[in-house]
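Everything on this sheet refers to the single structure shown next.
Side chains included, hydrogens not; waters and symmetry mates left out as well; all remaining heavy atoms used. Chain letters run A, B, ... following the sequence lines, proteins first and then strands; every chain starts at 1. Note that this is a predicted model, so its numbers are computed, not measured.
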Amino acid sequence: MKNLLSAGQLSGAQAVEILDIAEGMADVNDREIKKLPTLRGKTVVNLFFEDSTRTRISFELAEKRLSADVINFTAKGSSVSKGESLKDTAQTLEAMGADAVVIRHSASGAANVLANSGWINGSIINAGDGTHEHPTQALLDAYTMRKRIHGSASMGKTLEGVKVAIVGDILHSRVARSNLLLLNTLGADVHFVAPPTLLPSDSSNFDAKLHYSLDEMLLKEQPDVVMMLRIQTERMNASFFPTEREYARYWGFNAQRLGQLKKSAILMHPGPMNRGLEIDAVSADSAQSTVLEQVANGVSVRMAVLYTLLSGERNANAS
Amino acid sequence: MPAKSIKENYVLKNVMLADGSSADIQVVGDKISAIGSGLEAERQIDCSGLVALPGFVDLHTHLREPGFEQSETVLTGTQSAALGGFTAVHAMANTMPVADTAGVVEQVAALGTEAGYADVYPIGAVTVGLEGKQLAELGAMANSKAQVKVFSDDGKCVYDPVIMRRALEYVKTFGGVIAQHAQEPRLTDGAQMNEGAVSAELGLTGWPAVAEESIIARDVLLAEHVDSRLHICHLSTAGSVEIIRWAKARGIKVTAEVTPHHLLLTDELARTYDSVYKVNPPLRTQKDVEALRAGLIDGTIDIIATDHAPHPIEAKDCEWNAAAFGMLGLEIAASVAQEVLIESGKSSWTRLAEVLSKNPAAIAGDLEQGQELKAGAVANIVLIDPTTKRKVVADSASKSKNSPYVGLELPGAVRHTIYRGYFTVEDSKLAEVGNN
């Protein structure tokens, strides 16, 4: 594997392998000296065309813990806004000898274009492309679920039979798309819950059960995992729903809904949270919430992805 | 109109006419002087196995000049047209400056005459600057030397229903027609590709079929109300075909076009995120392709028009959202028409000549184009080798390279194009014409 562009490109075996490697990386993250020499001499560029401090520092930490040379390239504004074009940026990084580029971009498919363009030879890791995908988020979410469900016996496990409900702005969510693909690969049972305005008009290619009502879904499906999605501010005044209050009332997670969850069920959120909108404080800070575990696991999973892609490249070069 | 100084006199031997019969065609000067058997002249061109049709007429071409000469010029665009078998093109108004005054349309027409590869009929903008707010001086363009008959804000929809109504009414003064780019702007804000199952997966903002169909429905009703002629550009959905079929059955004076790409390609291609497949209206689904093909065959759709839309490399060599809309089409249209009408076994060369020549000339009122091949007609002739299969290559007379067909195998090849008596394409190669 050279690039990680989509959660859908991973076979079940590949996904489990990455999650297993992440277990080992998590052990490193618990040590006093949280560092491996694995990527010494490798240059990794975090190419962020869109603000995302959380994702960037998570990758940066992962890269540094693997001893890579890290460059942060924040190119605010893409060719859309007449800044430097993706092509020129990519070729510049290529000329500087980047071994891997972690790209975050507001345009769906930007990572695919970078990987297929021939502008750059290094590995491409998609750190979120528009409303398309965010595969490392899906991996860290799967890791978090597996860890909560199987604990120290997680190695080698899939998510067979786990019922996951993803709630919120499915239409615009790269997290939902990547999770859908990876969760299906790992054998989970995926449910989407959203108002019809925040679902694609044609979801026939989505291998998920769709629900409009969060309460009905909770009652009927008794999910093992509920994942709340962030409502972006730009949706709030575009008639996707009448008001934030009404959204919170019907699709927000709150103490009352928390009470309906199975005791073993977990509540996830990719962050950053709009407390009081899609999730209330009681739920977000409850024992069932995995929000902070997701952040910690993100570093381990991204270390595993970098290790998988870049050590693969080294083997290929050696042979 | 351009004419070579040398007086042409030759015979095209053993052509196959659209009806399947065989004949010789004699050309003297810029006219067909005789059609029959055993015609003789000093210069005889063996055309055995070639289908002879009236030269093609494109009602929807972006020649980009003035203003965007890095993409195309009138010369390169008409050279590309000639290679595609066209002897006339209608140049869309979205140039810089916009073709919304007599001065600009006359300039474009003059550049066409100077190039000498095809008749260039400028299309005038409906509204000033294509902004949809105020009617452009339609009468001045109609009465200019360019004699504009077709008006369009193509690229933008004449969205305001009052402006559309007035335009439809006003052009009756001089027998004009409004060609509508049907796209409800609010429903397509930020749209990138067809809204459907594929856009849902790709996370690209959808361009729903209803945004096209709702405008077409409104406009056929407006055309009926004011008893005007309406032409709909680039139909792309099955629902649009249904609306046009309904409107025609009702006697509304509406005509419709379909592009080669909407007859052949689908939104599945967007999965590559290769912006060569980004076009407006977007590539739709297989169901839409089939409805468009059926509509073309049964007469609901009147013409094939290319929407040839050249863009420089940098406008496509980028992420999908940042890329320009549009694709080339002039050199491929005849092959796509042959694929849809002839290779399918569902239609005929007569129909192909209607949709690529006779009907577009009639819609636009081009009196010296789209004529039946007969003695006395202007010698605009295309000769096609129907048996050849060709793998489309990137090489083209266009200044731009944004062809979505590269690598596909398509039937037929334009062997010769004769424009007003002289060859603009001979043995599939551009000929030098008088003024160049």
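Annotation: the span from Asn321(B) atom CG to Thr131(A) atom OG1 amounts to 8.0 Å, rounded to 0.5 Å. In this structure, Lys87(A) NZ and Ile313(B) CD1 are separated by 7.0 Å, a value rounded to the nearest 0.5 Å. In this structure, the separation between OG on Ser117(A) and CG on Asp317(B) is 7.5 Å, given to the nearest 0.5 Å. Considering CG of Asp129(A) and OH of Tyr273(B), their distance stands at 6.0 Å, rounded to 0.5 Å. Note that CG of Leu114(A) is 12.5 Å distant from SG of Cys318(B), once rounded to the nearest 0.5 Å. For the atom pair CD (Glu314(B)) and CG (Asp88(A)), the distance works out to 10.5 Å, reported to the nearest 0.5 Å.
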**Message:** Show, in sequence, the C-alpha distance, side-chain angles and deciding distance for Ser108(A) and Leu204(B), and conclude whether the side-chain contact (heavy atoms from CB on, under 4.5 Å) test is met.
**Reply:** CA-CA 6 Å; Ser108(A) 297; Leu204(B) 289 170; 3.6 Å; yes
**Request:** Show your working on side-chain contact (heavy atoms from CB on, under 4.5 Å) between Glu201(B) and Arg177(A) and close with a plain yes or no.
**Result:** CA-CA 7 Å; Glu201(B) 281 184 78; Arg177(A) 282 177 180 75; 5.9 Å; no
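The environment of CD in Glu409(B) is crowded: more than 12 heavy-atom neighbours from other residues, nucleotides or ligands sit within 6.0 Å.
For the set Ser201(A), Ala110(A), Ser204(A), the entry with the most heavy-atom pairs within less than 4.5 Å of chain B is Ser201(A).
Annotation for Arg271(B) and Asn205(A): closest pair NH2-ND2, 3.6 Å, computed over non-hydrogen atoms.
The closest donor-acceptor contact from the side chain of Arg174(A) to the backbone of Gly203(B) lies at 3.5 Å or more, if one exists at all.
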